[in-house]
Amino acid sequence: SQQGEEDPQALSIQEGENATMNCSYKTSINNLQWYRQNSGRGLVHLILIRSNEREKHSGRLRVTLDTSKKSSSLLITASRAADTASYFCATLNFGNEKLTFGTGTRLTIIP
Amino acid sequence: EPEVTQTPSHQVTQMGQEVILRCVPISNHLYFYWYRQILGQKVEFLVSFYNNEISEKSEIFDDQFSVERPDGSNFTLKIRSTKLEDSAMYFCASSKQGADTQYFGPGTRLTVL
């Protein structure tokens, strides 16, 4: 298995519902970052959670981190059509500076 | 809000040609990165750059690749002799500190024919 695997690979929900995406990783991390990517476009940073944190909020986003299970989740509440995008988790290990990205979850919000 | 910019947005080149991809990181950032994403695949780390030298590089970043910060604002990625498999979206990123949020540019789509 690879560092940073998101699940599900694809998710379709109705506008207004909540969307939950999960990320698992293999090694100890310094922090974990979530990004959004609209089709063929750049990566937009959403939120960073450090290894000593368990939960963070930013607007409609809630991120949790469970280092004992080596997993993180991203919750988007009250989804909007504009949330349609691919969402990636990326881990940063101690002692280096490279982000290791997961495979992404493709989220589709149905109006 | 400051952002990372990249030029060109799309570059088409012939196999064997040299290309230079350009980036302007966020002005008070000290760490700079290049990543690439082959169509339909994961985003992959290429190289990180700090204090005017490479601090880390991946196996992908072989002798055909080089990076440079020619002045106080630009950060470039050069591919000396492009191959078909270099076709990808190339992202530049920057961060204030090493283990910090990395802010990405919009990318340069490189197509090698």
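Given the structure is predicted, the values throughout are model-derived calculations rather than measurements. Letters A, B, ... are given to chains in the order of the sequence lines, protein chains preceding strands, and every chain is numbered from 1.
- Within a 6.0 Å sphere centred on CD of A:Gln9, heavy atoms belonging to other residues, nucleotides or ligands number 12 at most.
- Counted within 6.0 Å of CD on B:Gln97, heavy atoms from surrounding residues, nucleotides or ligands total 12 or fewer; the atom is thus considered open.
- No more than 12 heavy atoms of other residues, nucleotides or ligands lie within 6.0 Å of NZ in B:Lys57, so this atom counts as exposed by the packing criterion.
- Cluster annotation: B:Phe45 and B:Tyr90 are assigned to distinct hydrophobic clusters (Ile/Leu/Val/Met/Phe/Trp/Tyr, side-chain heavy-atom contacts under 4.5 Å, transitive).
- Rounding to the nearest 0.5 Å places CD of B:Glu44 at 10.5 Å from OG1 of A:Thr100.
- For B:Asn28, the CG atom counts as densely surrounded, since its 6.0 Å shell holds more than 12 non-hydrogen atoms of other residues, nucleotides or ligands.
- Annotation: residues 98-113 of chain B contacts chain A through B:Gly98, B:Ala99, B:Asp100, B:Thr101, B:Gln102, B:Phe104, B:Gly105, B:Pro106, B:Arg109 [non-hydrogen atoms, separation under 4.5 Å].
- Side chain of A:Glu97 to main chain of B:Glu56: no donor-acceptor pair is present (N/O by atom type, distance under 3.5 Å, no hydrogens or angles).
- Residue A:Arg41 qualifies as open at atom CZ: its count of foreign heavy atoms under 6.0 Å is 12 or below.
- Only the side chain of A:Leu48 comes within contact range of chain B, with at least one heavy atom under 4.5 Å from a heavy atom of that chain.
- Within 6.0 Å of atom CG in B:Leu39, 12 or fewer heavy atoms from other residues, nucleotides or ligands are found, so the atom counts as exposed in its surroundings.
- By the criterion of side-chain heavy atoms lying less than 4.5 angstrom apart, applied directly or through intervening Ile, Leu, Val, Met, Phe, Trp or Tyr residues, A:Leu11 is grouped together with A:Ile109 in one hydrophobic cluster.
- Both the backbone and the side chain of A:Asn96 come within contact range of chain B, judged by heavy atoms closer than 4.5 Å.
- Contacts of A:Phe94 with chain B are absent, with no heavy-atom separation under 4.5 Å from either backbone or side chain.
- Side-chain contact check for A:Lys98 versus B:Ser58: every heavy-atom pair is 4.5 Å or farther apart.
- Heavy atoms from other residues, nucleotides or ligands lying under 6.0 Å from CZ of A:Arg106 number 12 at most.
- Contact between B:Gln37 and A:Phe88 at its shortest, heavy atoms only, is NE2-CZ, 4.1 Å.
- Atom CD of B:Gln64 sits in a crowded spot, with more than 12 heavy atoms from other residues, nucleotides or ligands closer than 6.0 Å.
- In this structure the side chain of B:Tyr35 reaches within 4.5 angstrom of the side chain of A:Leu99, judged on heavy atoms.
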